[in-house]
A.B. asks: 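I am attaching a structure below and will ask some questions about it afterwards.
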Amino acid sequence: HVQLVESGGGLVQPGGSLRLSCAASGFTAAPNYMGWFRQSPGEEREWVAIIYQDSRATWYTDSVKGRFVISRDYDKKTVDLQMHSLRPEDTAMYYCAADCYVNPSGRWLAKYWGQGTQVTVS
């Protein structure tokens, strides 16, 4: 069965950096779209970054452009998110996602989700 396992979260000071990793398994075919989402208490889950195939295209939500980098390794079956210049408002549970898609309302969603890794910037 499909599994997405995140790692790399933790506590970091404002202006610091973290690198999140996602290990994927159980897929019969590599998903075209994978991504990272985040969610804070009382907030909706929001997309952060999406990657198409092996970095043929990437998309970032406006608040992280120039600070975060998403990458993918087909051989290792991993998806990473490098986060720099972190801000307190980046604090959230970060989720790896597979088979990402845009719903009729224009929001990015996904078919498969990991359990999440906590990032706290303080």
A.B. asks: So if you build clusters from Ile, Leu, Val, Met, Phe, Trp, Tyr with side-chain heavy-atom gaps below 4.5 Å, do W36 and W47 land together?
C.D. replies: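 No.
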
A.B. asks: Counting only N and O atoms by type, is there a donor-acceptor contact under 3.5 Å from the side chain of Q39 to the main-chain atoms of E43?
C.D. replies: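 Yes: the side chain of Q39 pairs with the backbone of E43.
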
A.B. asks: Roughly how far apart are E46 CD and T61 OG1, rounded to 0.5 Å?
C.D. replies: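 Going from CD on E46 over to OG1 on T61, the span is 7.0 Å.
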
A.B. asks: For N103 and R107, indicate whether the former's side chain and the latter's backbone hold a donor-acceptor pair under 3.5 Å.
C.D. replies: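 Between the backbone of R107 and the side chain of N103 there is a qualifying donor-acceptor contact (under 3.5 Å).
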
A.B. asks: For the CG atom of L86 and the OG atom of S17, what is their distance to the nearest 0.5 Å?
C.D. replies: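 If I round to the nearest 0.5 Å, the distance is 6.0 Å.
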
A.B. asks: Quick one: do L18 and Y60 end up in the same hydrophobic cluster if we chain Ile, Leu, Val, Met, Phe, Trp and Tyr together by side-chain heavy atoms under 4.5 Å apart?
C.D. replies: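 Shared cluster, yes.
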
A.B. asks: Check A98 against L4 and note the closest heavy-atom contact, atom names and distance.
C.D. replies: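 For A98 versus L4, the nearest heavy atoms are N-CD1, 3.8 Å.
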
A.B. asks: Would you check if T78 and S21 make a side-chain contact, meaning some heavy-atom pair closer than 4.5 Å?
C.D. replies: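 The answer is no, as the side chains (C-beta and beyond) never meet within the 4.5 Å cut-off.
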
A.B. asks: Is the closest basic N to carboxylate O distance between D90 and R87 below 4.0 Å?
C.D. replies: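 No.
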
A.B. asks: State, to 0.1 Å, how close Y94 and V48 come at their nearest heavy-atom pair, and which atoms those are.
C.D. replies: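 Heavy-atom minimum between the residues: CE2-CG2, 4.3 Å.
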
A.B. asks: Does E89, at its CD atom, have more than 12 non-hydrogen atoms belonging to other residues, nucleotides or ligands within less than 6.0 Å?
C.D. replies: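 Above 12, so yes.
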
A.B. asks: Should Y33 and L109 be counted in the same cluster of Ile, Leu, Val, Met, Phe, Trp and Tyr side chains packed under 4.5 Å apart?
C.D. replies: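 No, no single cluster joins them.
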
A.B. asks: Taking all heavy atoms of D73 and all of D75, pick out the closest pair and write down the distance.
C.D. replies: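 Heavy atoms of D73 and D75 come nearest at OD1-N, 3.0 Å.
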
A.B. asks: Could you tell me which non-hydrogen atom of Y101 sits nearest to which non-hydrogen atom of D99, and how far apart they are?
C.D. replies: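 Nearest heavy atoms, Y101 then D99: CD2-O, 3.4 Å.
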
A.B. asks: Within the structure provided, determine whether S122 and T91 are in side-chain contact (heavy-atom separation under 4.5 Å).
C.D. replies: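 Sidechains of T91 and S122: no contact.
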
A.B. asks: If only atom types and distance count, is the side chain of E6 paired as donor or acceptor with the main-chain N or O of G116 below 3.5 Å?
C.D. replies: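 Answer holds: yes.
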
A.B. asks: What distance separates E44 CD from R38 CZ, expressed to the nearest 0.5 Å?
C.D. replies: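 Here the interatomic distance stands at 14.0 Å.
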
A.B. asks: Does the plane of the ring in F27 sit parallel, tilted or perpendicular to the ring in Y112? Use 30° and 60° as the thresholds.
C.D. replies: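 Perpendicular: the ring planes of F27 and Y112 meet at over 60°.
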
A.B. asks: Please find the pair of heavy atoms, one from C100 and one from F37, that lie closest to each other, and give the distance.
C.D. replies: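 Heavy-atom minimum between the residues: SG-CE1, 3.9 Å.
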
A.B. asks: What's the spacing between R72 CZ and T58 OG1 if we round to 0.5 Å?
C.D. replies: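 One finds 12.5 Å between CZ of R72 and OG1 of T58.
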
A.B. asks: Return the orientation label for the W113 and Y95 ring planes: parallel under 30°, perpendicular over 60°, tilted otherwise.
C.D. replies: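 The arrangement is perpendicular - the two ring planes meet at more than 60°.
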
A.B. asks: Linking I/L/V/M/F/W/Y whenever any side-chain heavy atoms sit under 4.5 Å apart, do V12 and F68 land together?
C.D. replies: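 V12 and F68: one cluster.
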
A.B. asks: I'd like to know if V2 and V79 are part of one continuous hydrophobic network [Ile/Leu/Val/Met/Phe/Trp/Tyr, side-chain heavy atoms within less than 4.5 Å].
C.D. replies: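 Yes: a chain of side-chain contacts under 4.5 Å links V79 to V2.
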
A.B. asks: Hey, what do you get for OH (Y52) to CD1 (I50), rounding to the nearest 0.5 Å?
C.D. replies: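 So the OH of Y52 and the CD1 of I50 are separated by 13.5 Å.
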
A.B. asks: What residues, two or more places apart in sequence or in another chain, satisfy salt bridge (Lys or Arg N to Asp or Glu O under 4.0 Å) together with D80?
C.D. replies: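 Here the qualifying residues are R19.
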
A.B. asks: Mind listing the closest non-hydrogen atom pair of A49 and L81 along with its distance?
C.D. replies: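 Nearest pair, atom of A49 first, then L81: CB-CD1, 4.2 Å.
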
A.B. asks: With a 3.5 Å distance limit and no angle check, can you tell me whether R67 reaches the backbone of M83 through a side-chain donor-acceptor pair?
C.D. replies: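 Checking the backbone N and O of M83 against the side chain of R67, no donor-acceptor pair under 3.5 Å is found.
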
A.B. asks: Could you give the distance from CG (D54) to CE (M34), rounded to the nearest 0.5 Å?
C.D. replies: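 Result: 12.0 Å between the selected atoms.
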
